[in-house]
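Before any comments, here is the structure.
For ligands, and for the atoms within them, numbers begin at 1 and follow the listed sequence.
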Amino acid sequence: MGPAGESSERVLLVTGGAGFIGTSFVLTTRAADFAKVVTLDKLTYAGNLANLAGVAHDAEHLFVEGDIADRALVAALLAEHKVTAVVNFAAESHVDRSIDAPGAFIQTNIVGTFELLEAARAYVAGLAASDADRARAFRFLHVSTDEVFGSLGDTGAFTEASPYAPNSPYAASKAAADHLVRAYHHTYGLATVTTNCSNNYGPFQFPEKLLPLMILNALEDKPLPIYGDGLNVRDWLFVEDHCEAIRMALTRGTPGETYAIGGRSERTNLELVGLICALLDELSPRHGGGSYRDLVHHVKDRPGHDRRYAIDPSRAERELGFRVTHSLEDGLRRTVAWYLANRPWCAAITSGNYRRERLGLSVDGPAAPATKKA
Ligand code: NAD
Ligand code: TDX
């Protein structure tokens with residue numbers, strides 16, 4: 001992609017665009033021709049360039065391998081491509097890994113976000129001197145999570161006004177990043193927008209996360225490990241609905257504000273795994289008969305396991321026009337079908353040093369080394 005500054009078109013710097021949500025965002029953003037895209041991704045164990053095969057020959061997409069903490073690289077990309085907005089997905093994202101090895105979470109989620117903010121601040125300051133309109137239009141969209149708010153009891157839901165109370169090293173690192181983003185708006189006037197979203201599901205999710213882990217284990221007739229009693233509740237949102245909400249927040253969000261995004265689809269982990277097993281029973285019946293549900297197996301609970309998350313997305317609905325367009329039933333069917341149709345992707349992504357083993361139990365031992373691709 002050549003420099004795209006001649007027109008007033010949108011040019012997004014999408015960080016973490018080769019991960020689960022970032023992939024969906026890049027593919028759907030280019031499919032809708034919403035913006036030109038420069039993807040910056042470090043290609044950690046969770047990032048996979050093959051995910052972006054659909055835009056490999058797209059002249060309006062460019063992939064750059066690199067780290068968000070590399071301020072000079074980010075500064076060069078912002079200037080060269082006359083970027084109109086940063087969308088920051090890049091993160092260490094798995095709670096269990098943050099229990100075993102929190103260091104990488106501090107480095108990418110906090111230090112990395114800080115470096116990205118500094119690069120954006122300098123870029124906008126430079127723009128302000130030469131092109132006030134472009135400086136005013138610039139946005140820094142930070143993608144965050146509902147986990148920064150901690151755990152709910154049996155009732156109620158998180159909103160933008162919920163107090164921060166992160167419980168895992170992952171959630172704490174995301175909370176710190178959210179606070180830095182907020183401070184850069186209040187102190188330096190950077191036009192930031194933060195989204196706090198609930199659990200996403202869909203194609204391209206790395207199989208350390210609940211849904212793909214269960215699908216792949218079931219297909220290999222392996223136990224389906226449910227942490228604790230399985231009654232922890234998550235609010236599930238199909239990844240493409242989240243991506244659409246982010247595009248809405250980019251165009252309609254108020255600088256300095258945050259938006260809570262969720263699916264209004266609360267399920268216990270046991271209920272969710274039951275739905276997946278029912279879909280697999282229908283779409284890929286178990287050899288030898290019986291239901292995949294018979295593979296459900298309770299294991300030791302996750303340390304510090306948050307009991308319940310739920311989002312009230314009223315503000316995003318009212319101010320951004322956000323709507324859930326994929327029901328949980330439809331979204332899960334699409335997701336299970338995608339994993340069934342993409343077994344080579346699954347095999348390739350787990351051929352390194354991750355073999356779907358149990359993670360996140362090393363509370364008493366020394367921190368494991370940082371996560372690396374094999
Ligand atoms: P993921 O782990 O699948 O992908 C993360 C991507 O970031 C990978 O491609 C990885 O290579 C890249 N990356 C990691 N460190 C980097 C660095 N230092 N520089 C550049 N790239 C780097 O994560 P995901 O599930 O797609 O989550 C994306 C974002 O959305 C994260 O910020 C996460 O906190 C947030 N989020 C996720 C969910 C969810 O349910 N998955 C829900 C709400 C918010
Ligand atoms: O094997 C498992 N068994 C199990 O019972 C796994 C991997 C998970 N679980 C439980 C733990 C959680 O209650 O399932 C639930 C979902 O677990 P994860 O897929 O690890 O997601 P979660 O911890 O809820 O965090 C996710 O949603 C919020 C993402 O990983 C975060 O990046 C996002 O911010």
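Counting only distance, with no hydrogens or angles, the side chain of Ser151 and the backbone of Arg307 share a donor-acceptor pair below 3.5 Å.
Of the protein's non-hydrogen atoms, Phe20 N, 3.0 Å is the one closest to atom 3 (O) of ligand 1. At the shortest separation from atom 32 (O) of ligand 2 among protein heavy atoms lies Ser93 O, 2.8 Å. Among all non-hydrogen protein atoms, the one lying nearest atom 8 (C) of ligand 2 is Tyr227 CE1, 3.7 Å. For atom 16 (C) of ligand 2, the closest heavy atom belonging to the protein is Leu210 CB, 3.9 Å. Of the protein's non-hydrogen atoms, the one nearest atom 12 (C) of ligand 2 is His305 NE2, 3.4 Å.
For the pair Glu92 and ligand 1, the shortest N or O to N or O distance does not fall below 3.5 Å. Inclusion of Thr108 in the set of residues having an N or O under 3.5 Å from an N or O of ligand 1 is warranted. Inclusion of His242 in the set of residues having an N or O under 3.5 Å from an N or O of ligand 1 is not warranted. Inclusion of Gln205 in the set of residues having an N or O under 3.5 Å from an N or O of ligand 1 is not warranted. At under 3.5 Å, a nitrogen or oxygen of Gly19, whether backbone or side chain, sits near a nitrogen or oxygen of ligand 1. Checked against a 3.5 angstrom limit, the closest N/O atoms of Thr44 and ligand 1 fall inside it. Considering backbone and side-chain atoms together, Ile68 places an N or O closer than 3.5 Å to an N or O of ligand 1. At a 3.5 angstrom cut-off on N or O pairs, Lys174 counts as close to ligand 1. Between Pro225 and ligand 2, at least one pair of N/O atoms sits closer than 3.5 Å. Note: no N/O pair closer than 3.5 Å links Tyr45 and ligand 1 by distance alone.
Under 4.0 Å is where a charged nitrogen must lie from a carboxylate oxygen, and between Arg333 and Asp330 no such pair does.
The closest side-chain heavy-atom distance from Tyr201 to Lys209 is not below 4.5 Å. Contact of the Ile68 side chain with the Glu115 side chain is not registered, since no non-hydrogen atoms from C-beta on lie closer than 4.5 Å. With a 4.5 Å cut-off on side-chain heavy atoms, Phe158 and Asp235 do not count as touching. Proximity of Phe238 to Thr335: side-chain heavy atoms (C-beta onward) are separated by under 4.5 Å at one or more points. Here the side chains of His142 and Val193 are not in contact, with every heavy-atom distance at 4.5 Å or above.
Taking every non-hydrogen atom of Tyr170 and a distance limit under 4.0 Å, the qualifying atoms of ligand 2 come out as 31 (C), 32 (O), 33 (C), 34 (O). Ligand 2 places these atoms under 4.0 Å from at least one heavy atom of Ile226: 5 (O). In the vicinity of Glu208, heavy-atom distances shorter than 4.0 Å reach the ligand 2 atoms 7 (C). Residue Gly66 has at least one heavy-atom neighbour below 4.0 Å for each of these atoms of ligand 1: 19 (N), 20 (C).
When the heavy atoms of Ser173, Cys197, Gly202, Ala46 are ranked by distance to atom 43 (C) of ligand 1, first place goes to Cys197. Nearest-heavy-atom check against atom 17 (O) of ligand 2 across Arg234, His298, Arg302 picks out Arg302. The nearest non-hydrogen atom to atom 6 (C) of ligand 1, considering only Gly16, Gly112, Gly17, comes from Gly16. Taking each of Val95, Asn199, Asn196, Ile21 in turn, the one with a heavy atom nearest to atom 21 (O) of ligand 2 proves to be Asn199. With distances taken over non-hydrogen atoms, the option nearest atom 2 (O) of ligand 1 out of Ser144, Ser93, Gly47 is Ser93.
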Next on the checklist: Show, in sequence, the C-alpha distance, side-chain angles and deciding distance for Phe105 and Lys174, and conclude whether the side-chain contact (heavy atoms from CB on, under 4.5 Å) test is met.
Outcome noted: CA-CA 9 Å; Phe105 291 72; Lys174 292 296 289 185; over 6 Å; no
Checklist entry - Between Thr39 and Asp41, is a side-chain hydrogen bond (donor to acceptor under 3.5 Å, both in side chains) present by the stated rule, with each step listed? => result CA-CA 6 Å; Thr39 299; Asp41 197 296; over 6 Å; no
Item to check | Intermediate values then yes/no, side-chain contact (heavy atoms from CB on, under 4.5 Å), Leu43 and Asn48 | outcome: CA-CA 6 Å; Leu43 298 181; Asn48 184 6; 5.9 Å; no
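If you look at Leu213 next to ligand 2, the close heavy atoms, those under 4.0 Å, all belong to the side chain. In Ser198, the part holding a heavy atom less than 4.0 Å from any atom of ligand 1 is the backbone. Proximity of Glu147 to ligand 2, defined as any heavy-atom pair under 4.0 Å, is confined to the side chain (atoms from C-beta onward). Counting heavy atoms closer than 4.0 Å to ligand 1, residue Leu43 contributes backbone atoms (N, CA, C, O) but none from C-beta onward. Within the 4.0 Å heavy-atom criterion, the part of Asn269 lying near ligand 2 is the side chain and not the backbone.
In this pair, Phe149 and Tyr164 present their aromatic rings perpendicular. The plane angle is above 60°, beyond the 30 to 60° band. Note on ring orientation: taking the six-membered ring where Trp is involved, the planes of Tyr339 and Trp345 are perpendicular (angle over 60°, cut-offs 30° and 60°).
Cation-pi contact between Arg315 and Tyr259: present, with separation from the ring centre below 6.0 Å and deviation from the ring axis of at most 45°.
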